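The structure under discussion appears below in the form of structure tokens.
For reference, positions follow the sequence shown, starting with 1. Side-chain atoms are counted along with the backbone in the values below, which use heavy atoms only and exclude waters and symmetry mates. Because the structure is predicted, anything quoted here is derived from the model rather than measured.
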Amino acid sequence: MINYKCPQCGAYMIYNPAKKCLICEYCGKTEDIKVLSAEEQAELLQEAEASSEVWEETVTEETNGEQVMMRHYICKNCGAEIMTDENTAATMCGFCGNPTLIEDRLSGETRPAKVIPFSFSREEAIEKFRAWTKKGKLTPSVFSSSASLDKVTGLYVPYWIYDFDVDAQMQATATRVRHQRKGQYEYIYTDHFALDRGVEVGYERIPADASKKMPDDVMDRLEPFDYKEMVAFEMPYLSGFQADKYDYKGEELESRAAARASSYAETATRNTMNGYATVNVVHKNIRPKRTKMEYTMFPAWIVNYTYQGKSYFVTMNGQTGKIVGKRPTSVARAIGWFAGVYAGSFAIVLLILAAMMMG
């Protein structure tokens with residue numbers, strides 16, 4: 001376990017999205033991650049003492065019954081217990097907020113090549129979540145309460161990104177219709193064509209999330225991420241946030257990314273067959289070839305919430321602010337809303353009838 005300590009006052013430093021640097025929340029000291037050398041980073045690191053204060057146990061997850069290896073640490077700052085699963089790479093002490101990185105899960109093959117840092121703070125994320133909840137007319141007010149939004153967590157999600165070269169071959173039959181009038185007769189001609197297309201196209205940085213915890217459909221809808229802000233990975237970006245190392249190796253997710261590349265290439269090839277009345281594809285052969293693969297981390301703000309016994313999982317893109325998730329529905333608000341609509345409609349009908357009778 002390691003922390004970044006302020007060289008000025010000795011307090012812990014965390015990554016600040018607004019200032020894009022490490023900052024000490026006590027004395028205001030800042031450190032620019034991009035200009036810190038490896039030696040300077042090492043000087044800021046404080047490594048927790050390796051001792052019998054670290055132990056492991058196997059537990060059973062209630063959701064799916066899987067066996068999970070949990071590791072327990074003792075917070076060097078306050079002495080509280082920090083419990084992580086085997087893939088946790090960055091976390092915080094639940095009692096004193098001490099930001100903690102687990103170095104052996106961020107080294108060698110498990111060290112990401114790139115990272116997209118968070119672009120806005122937890123306070124800004126809470127305000128964005130609150131504004132989103134208020135857009136739901138039937139959303140219970142408790143859902144946007146401070147107690148609920150205090151559960152907002154900043155998480156770096158592990159991703160693999162892939163480059164593919166795709167060779168697409170497609171054959172189709174097509175028709176084009178012509179009209180010609182001669183005297184009192186109109187003639188309709190249908191021309192038939194055999195189309196043969198060969199397209200070679202390259203796609204870069206197709207993402208696939210590598211976390212079992214994060215639903216694939218949610219993470220797909222959370223896209224896109226702006227790769228212009230992607231930088232070389234440095235551990236200080238994780239300080240003050242949670243992070244998981246990958247559950248799936250790159251080779252295990254390659255077929256998922258290849259399917260996306262194939263779909264893109266198929267659409268691009270089909271779009272070269274415009275200008276016909278009908279097109280019927282009779283054969284296609286799409287061959288993706290992976291040319292590059294990188295391990296990365298992308299930012300997300302997470303809210304897990306239970307309302308009337310039902311769990312809600314809401315996710316926000318930590319770079320763009322895009323939100324994916326469902327709002328709960330308040331039965332009382334729904335009844336009130338429908339009652340109001342019904343009452344309003346009934347009043348309008350009465351006014352119309354009164355006007356007709358007076359007329």
Side chains of Ser211 and Asp247: closer than 4.5 Å at any heavy-atom pair?
yes
For a 4.5 angstrom cut-off between non-hydrogen side-chain atoms, does Leu195 reach Tyr276?
yes
Determine, for Phe193 and Arg176, whether the Lys NZ or Arg CZ falls below 6.0 Å from the six-membered ring centre while staying within 45 degrees of the axis.
yes
Determine yes or no for a side-chain-to-main-chain donor-acceptor pair under 3.5 angstrom, with Arg260 supplying the side chain and Pro207 the backbone.
yes
Considering non-hydrogen atoms only, spot the tightest contact between Val115 and Pro117 and give its length.
O-CD, 3.6 Å
CZ of Arg256 to CD1 of Ile206, rounded to nearest 0.5 Å, is 11.5 Å
Applying side-chain contact (heavy atoms from CB on, under 4.5 Å), name anything that partners Thr320, two or more places apart in sequence or on another chain.
Asn317, Lys322
Could you check Phe164 against Glu254 for side chain to side chain contact (heavy atoms under 4.5 Å, CB included), going step by step and ending with a plain yes or no?
CA-CA 10 Å; Phe164 281 94; Glu254 183 176 336; 4.1 Å; yes
Pairwise distance CE(Met235) to CG(Leu44) - rounded to 0.5 angstrom
11.5 Å
Could you tell me how the ring of Tyr185 sits relative to the ring of Tyr187: parallel (under 30°), tilted (30 to 60°) or perpendicular (over 60°)?
tilted
For the backbone of Val152 and the side chain of Arg122, can you confirm whether one donor and one acceptor N or O come within less than 3.5 Å of each other?
yes
Would you check if the side chain of Tyr4 reaches a backbone N or O of Leu22 as a donor-acceptor pair within less than 3.5 Å?
no
Value rounded to 0.5 Å, distance of CD in Gln169 from CD in Glu200
8.0 Å
For side chain to side chain contact (heavy atoms under 4.5 Å, CB included), just list the numbers for Trp132 and Val314, CA-CA rounded to whole Å, side-chain angles, deciding distance to a tenth of an Å, and then say yes or no.
CA-CA 11 Å; Trp132 175 76; Val314 185; 3.8 Å; yes
In short, Ala265 meets Ile286 closest at the heavy-atom pair CB-CG2, 4.4 Å
Inspect the contact between Glu123 and Lys128 and indicate whether a charged nitrogen and a carboxylate oxygen are less than 4.0 angstrom apart.
no
So which heavy atom on Met13 is nearest to which on Ser239, and how close?
O-OG, 2.7 Å
Nearest heavy atoms of Ser119 and Pro17, plus distance in Å
C-CB, 3.7 Å
Quick one: CZ on Arg290 to CG on Asp165, what's the gap to the nearest 0.5 Å?
12.0 Å
Determine, stepwise, if the pair Glu234 / Arg111 fulfils salt bridge (charged side-chain N to carboxylate O under 4.0 Å, His left out).
CA-CA 9 Å; Glu234 296 291 348; Arg111 179 182 174 86; 3.7 Å; yes
Close side-chain approach of Glu31 and Cys6, heavy atoms under 4.5 Å:
no
Determine, stepwise, if the pair Thr272 / Met170 fulfils side chain to side chain contact (heavy atoms under 4.5 Å, CB included).
CA-CA 10 Å; Thr272 67; Met170 187 176 291; over 6 Å; no
Determine, step by step, whether Arg205 and Asp163 satisfy the side chain to side chain contact (heavy atoms under 4.5 Å, CB included) criterion, reporting the C-alpha distance in whole Å, the side-chain angles of both residues, the deciding distance to 0.1 Å, and the verdict.
CA-CA 5 Å; Arg205 297 174 174 176; Asp163 291 357; 4.1 Å; yes
Cluster companions of Phe313 among Ile, Leu, Val, Met, Phe, Trp, Tyr (side-chain spacing under 4.5 Å)
Ile116, Leu155, Val157, Tyr159, Ile161, Met214, Val218, Met219, Leu222, Phe225, Tyr227, Met230, Phe298, Ile302, Val324
Given side chains that start at C-beta, do those of Thr315 and Ile323 come closer than 4.5 Å, heavy atoms only?
no
Closer than 3.5 angstrom, by distance alone: can the side chain of Ser263 be matched with the main-chain N or O of Ala259 as a donor-acceptor pair?
no
Are Tyr12 and Tyr26 connected, step by step, through hydrophobic side chains (Ile, Leu, Val, Met, Phe, Trp, Tyr) whose heavy atoms are closer than 4.5 Å?
no
Heavy-atom closest pair (Gln319 atom, Asp226 atom, distance to 0.1 Å) is OE1-N, 2.7 Å
Within the 6.0 Å centroid threshold, strictly below: Tyr156 and Phe118
yes
Look at the side-chain heavy atoms of Ile, Leu, Val, Met, Phe, Trp and Tyr, link any pair under 4.5 Å apart, and say whether Phe233 and Met293 land in one connected group.
yes
Donor-acceptor check, side chain of Glu124 to backbone of Ser121, threshold 3.5 angstrom: yes or no?
yes
OG1 (Thr30) and NZ (Lys19) are apart, to the nearest 0.5 Å, by 7.0 Å
Applied to residues 277-289, the side-chain hydrogen bond (donor to acceptor under 3.5 Å, both in side chains) test, sequence neighbours excluded, yields Asp167-Arg287, Thr175-Thr278, Glu266-Lys284
What are the two closest heavy atoms between Ala172 and Met273, and how far apart are they?
CB-SD, 3.9 Å
Mind checking what makes side-chain contact (heavy atoms from CB on, under 4.5 Å) contact with Glu25, not counting sequence neighbours?
Ile14
Within a radius of less than 6.0 Å around CD of Glu252, do more than 12 heavy atoms belonging to other residues, nucleotides or ligands occur?
yes
By side-chain contact (heavy atoms from CB on, under 4.5 Å), which residues pair with Gln180, not counting sequence neighbours?
Lys182, Tyr189
Hey, what do you get for CD1 (Ile126) to CH2 (Trp301), rounding to the nearest 0.5 Å?
8.0 Å
Please enumerate all residues that pass side-chain contact (heavy atoms from CB on, under 4.5 Å) together with Asp217, with sequence neighbours excluded.
Pro215, Arg221
How are the rings of Tyr237 and Tyr15 set relative to one another: parallel (under 30°), tilted (30 to 60°) or perpendicular (over 60°)?
perpendicular
Donor-acceptor pair, Tyr246 side chain versus Trp160 backbone, under 3.5 Å?
no
